[in-house]
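Shown next, in structure tokens, is the structure this report addresses.
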Protein chains: 4
Amino acid sequence: MSGSLNRVMLIGNLGRDPEIRSTQDGNKIANLSIATSDTWKDRNSGERRERTEWHRVVIFNEHFVDVCEKFLRKGSKVYLEGQLATRKWTDQQGNDKYSTEVVLQKYRGELTMLDGRSEGQQGGSGDYGGPERHSGNHQGSGSFGASFGQGNDLDDEIGF
Amino acid sequence: MSGSLNRVMLIGNLGRDPEIRSTQDGNKIANLSIATSDTWKDRNSGERRERTEWHRVVIFNEHFVDVCEKFLRKGSKVYLEGQLATRKWTDQQGNDKYSTEVVLQKYRGELTMLDGRSEGQQGGSGDYGGPERHSGNHQGSGSFGASFGQGNDLDDEIGF
Amino acid sequence: MSGSLNRVMLIGNLGRDPEIRSTQDGNKIANLSIATSDTWKDRNSGERRERTEWHRVVIFNEHFVDVCEKFLRKGSKVYLEGQLATRKWTDQQGNDKYSTEVVLQKYRGELTMLDGRSEGQQGGSGDYGGPERHSGNHQGSGSFGASFGQGNDLDDEIGF
Amino acid sequence: MSGSLNRVMLIGNLGRDPEIRSTQDGNKIANLSIATSDTWKDRNSGERRERTEWHRVVIFNEHFVDVCEKFLRKGSKVYLEGQLATRKWTDQQGNDKYSTEVVLQKYRGELTMLDGRSEGQQGGSGDYGGPERHSGNHQGSGSFGASFGQGNDLDDEIGF
DNA sequence: TTTT
DNA sequence: TTTT
């Protein structure tokens with residue numbers, strides 16, 4: 001469909017170290033658990049309240065998988081952009097389960113480190129559109145931030 | 001926590017008419033089912049492919065509940081902004097279920113009609129800047145984090 | 001610098017047909033004039049007021065230049081994403097002038113038609129990734145993606 | 001007009017301390033100068049290049065003016081959201097000038113501090129410590145719709 | 001004028 | 001379940 005936008009933008013902190021794994025076709029994927037938090041004052045009690053929301057993030061964009069692996073750790077603060085995708089799966093008991101995730105498709109999305117970790121600098125962004133994966137599309141997905149080739153070293157790709 | 005952002009922006013179409021219901025404390029809530037869609041060409045097969053994503057939207061913002069009720073119908077195209085929230089619930093069998101929704105909290109979020117449906121025009125949300133300055137606008141831009149009034153009725157604040 | 005975001009998102013209408021021109025290095029550029037509009041009720045007078053804001057948009061992203069040329073016309077409604085850039089120039093009298101524009105760099109940004117103009121259909125999405133095509137950088141923004149396509153030659157350029 | 005969006009989102013650093021001033025009607029206004037920066041590798045020369053963009057930000061939202069005054073300083077990193085507005089003015093020579101600014105209208109926009117300045121002072125040590133120190137929190141900055149303090153009840157109405 |  |  002045209003005229004469609006599916007965009008999620010988060011600023012939050014990693015609740016644990018990134019989990020990096022490989023698919024059988026040789027692609028690396030990163031999973032992040034990101035916390036965002038809302039604070040507000042209860043209208044009745046006047047109490048200050050806070051709610052933390054946890055977001056499952058799945059990264060297929062190779063450049064950003066590298067960034068995760070090299071620079072992000074539990075506690076890192078990031079800005080990221082992706083799209084919403086709900087996935088159905090079946091648990092051991094055979095029950096249908098649904099999981100909604102923030103997905104950074106190949107060649108798309110955005111990931112920026114917001115705290116100056118000594119162990120590394122945030123690289124630029126990558127833009128990697130793999131044929132095999134990306135329900136991607138423009139809308140929404142386009143990768144903001146793009147670029148940096150494919151098959152380059154991170155060194156080449158990282159900004160600065 | 002501060003220093004946090006949790007934002008979803010969608011442009012899509014309603015898969016069915018809005019569902020409006022009331023809570024026991026007298027607030028109206030609207031539920032929308034919004035489709036966004038990605039289209040791409042398979043890099044290997046060259047085939048054109050498409051994936052539709054369905055988004056559950058829950059609206060607590062009274063003004064936008066009104067907009068839903070009055071102007072939106074199955075098929076309407078909208079721009080909307082909200083935040084991600086995952087809710088846990090238990091089904092009849094006692095299984096834990098999680099549902100991730102795009103939420104427009106009271107006084108927050110954005111909802112704009114993008115097609116000029118004959119049955120109505122989208123109204124706006126309010127804009128309260130001082131008269132002297134604000135190119136402000138409502139919909140479309142509406143404000144995240146912003147708000148409406150201050151003890152005013154929605155009527156006064158709503159554009160239109 | 002990393003940890004930076006420069007993003008503009010507009011939904012508005014073209015005030016005139018797109019202007020397409022070529023640079024001496026053979027690249028085509030499109031210029032758009034986009035109107036967004038704020039409506040609000042004056043708090044003191046209670047009057048309904050409206051302010052239209054005009055945005056100068058400059059498109060270096062080749063795909064979107066094509067989209068402009070083929071599908072957009074005066075009055076078209078679009079969603080677009082780019083970054084802010086301020087350019088200095090000198091008028092005939094030798095005065096310094098500054099112009100702030102919304103820029104869609106090569107391989108970046110987003111442009112989606114929101115009204116189904118008869119002269120063109122918006123089609124699928126594009127995925128521009130090719131290593132050679134990345135001057136990209138991250139925060140920049142460019143979103144990738146978009147597209148249109150569907151039976152026209154644009155389609156060939158898309159996705160690959 | 002409806003169906004319109006005029007949104008700017010920036011993550012950047014203040015080039016100088018916020019400038020706070022009052023209008024004759026007793027409202028306080030803050031002006032910020034925010035730098036964002038793009039880094040990329042020149043495709044031909046292979047050189048790393050960088051371009052810094054400066055953004056003029058004008059804040060009418062009282063809550064955020066307070067945040068600026070209390071917590072922001074030259075060098076502070078912020079996330080902010082506003083809308084584009086171009087203003088015409090005349091210089092001493094009588095020449096027409098235009099200035100495009102990112103405006104946070106009253107009751108609108110967003111401003112969040114992204115570096116945990118303990119008391120809005122710059123300086124501090126360069127120790128970023130371990131990840132666990134980053135649960136963020138800098139108290140103070142209104143994050144994401146969070147409140148509109150300043151002694152009105154808006155504070156109470158917000159949240160969920 | 002910031003920042004890395 | 002929408003839309004093109």
Side-chain angles (χ1 to χ4, degrees), chain A residues 1-6 71 86 112-124 137-140 158-160, chain B residues 10-19 31-39 48 50-57 72-78 80 114-115 117, chain C residues 1-6 71 86 112-118 120-125 137-139 147-152 155, chain D residues 10-19 31-39 48 50-57 72-78 80 114-115 117 122 126 128:
Chain A
M1 180 179 57
S2 70
S4 168
L5 175 72
N6 175 356
F71 305 122
T86 297
T112 305
M113 228 170 75
L114 292 177
D115 46 4
R117 297 268 148 170
S118 53
E119 56 267 63
Q121 310 262 48
Q122 205 250 350
N137 97 325
H138 86 64
Q139 90 9 316
I158 291 183
F160 68 131
Chain B
L10 301 176
I11 293 175
N13 297 281
L14 275 71
R16 51 173 177 265
D17 286 350
E19 291 159 17
N31 281 271
L32 304 180
S33 183
I34 304 277
T36 56
S37 178
D38 275 326
T39 322
R48 177 146 299 289
E50 178 169 7
R51 174 180 154 89
T52 295
E53 193 68 42
W54 287 96
H55 307 271
R56 293 180 49 83
V57 177
L72 302 186
R73 296 292 175 267
K74 175 177 176 178
S76 297
K77 172 166 281 190
V78 294
L80 73 78
L114 292 177
D115 47 3
R117 295 262 146 176
Chain C
M1 179 178 60
S2 73
S4 170
L5 175 72
N6 175 357
F71 304 120
T86 297
T112 304
M113 227 170 75
L114 293 176
D115 48 4
R117 295 262 145 176
S118 54
Q121 305 263 44
Q122 184 177 10
S125 72
N137 106 332
H138 90 64
Q139 86 20 308
S147 59
F148 300 88
Q150 199 144 290
N152 51 49
D155 221 15
Chain D
L10 301 176
I11 294 176
N13 298 280
L14 276 69
R16 50 172 179 266
D17 287 351
E19 291 160 17
N31 281 271
L32 304 180
S33 182
I34 303 277
T36 56
S37 178
D38 270 323
T39 323
R48 180 141 298 290
E50 179 171 5
R51 173 179 155 90
T52 296
E53 194 68 42
W54 288 96
H55 308 270
R56 291 180 52 82
V57 177
L72 301 186
R73 297 291 177 269
K74 175 178 177 176
S76 296
K77 171 167 281 190
V78 294
L80 73 80
L114 292 177
D115 46 4
R117 301 274 154 162
Q122 187 174 13
Y128 282 91

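What's counted below: heavy atoms across the whole structure, side chains too, no hydrogens, waters or symmetry copies. Numbered from 1 within each chain, the chains take letters A, B, ... in sequence-line order.
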Shortest side-chain distance from [X], nucleotide among [options]:
X       : options             : value
D:Ser33 : E:dT4, E:dT1, F:dT3 : E:dT1
B:Arg16 : E:dT2, F:dT1, F:dT4 : F:dT1
B:Asn13 : F:dT2, E:dT2, F:dT1 : F:dT2

Contact check, side chains of [X] and [Y], non-hydrogen atoms, under 4.5 Å:
X       : Y        : answer
B:Ile34 : B:Leu14  : yes
B:Ile11 : C:Thr112 : no
D:Leu10 : C:Asn6   : yes

Atom-pair distance ([atom1] on [X]; [atom2] on [N]), nearest Å:
X       : N     : atom1 : atom2 : value
B:Asp17 : F:dT1 : CG    : C1'   : 11 Å
D:Leu10 : E:dT1 : CG    : P     : 20 Å
B:His55 : F:dT1 : NE2   : P     : 17 Å
D:Arg51 : E:dT2 : CZ    : P     : 17 Å
D:Leu72 : E:dT1 : CG    : P     : 20 Å
D:Leu14 : E:dT1 : CG    : P     : 15 Å
D:Trp54 : E:dT1 : CH2   : C1'   : 4 Å
B:Leu32 : F:dT2 : CG    : P     : 15 Å

Check: B:Thr52 side chain, F:dT1 base, donor-acceptor under 3.5 Å: no
D:Leu80 vs D:Val57, side-chain contact (heavy atoms from CB on, under 4.5 Å): CA-CA, chis, key distance, verdict: CA-CA 9 Å; D:Leu80 73 80; D:Val57 177; 4.0 Å; yes
Counterpart residues, side-chain contact (heavy atoms from CB on, under 4.5 Å), relative to D:Arg56 (two or more places apart): D:Asn31, D:Arg87, D:Ser99, D:Glu101
Pairing residues for B:Ser33 by the side-chain contact (heavy atoms from CB on, under 4.5 Å) criterion, not counting sequence neighbours: B:Arg16, B:Trp54
Dot-bracket pairing map - DNA chain E, Watson-Crick plus G-U, both contacts under 3.5 Å, | cross-strand: ....
Carboxylate-amine/guanidinium proximity below 4.0 Å for B:Glu53 and B:Arg51: yes
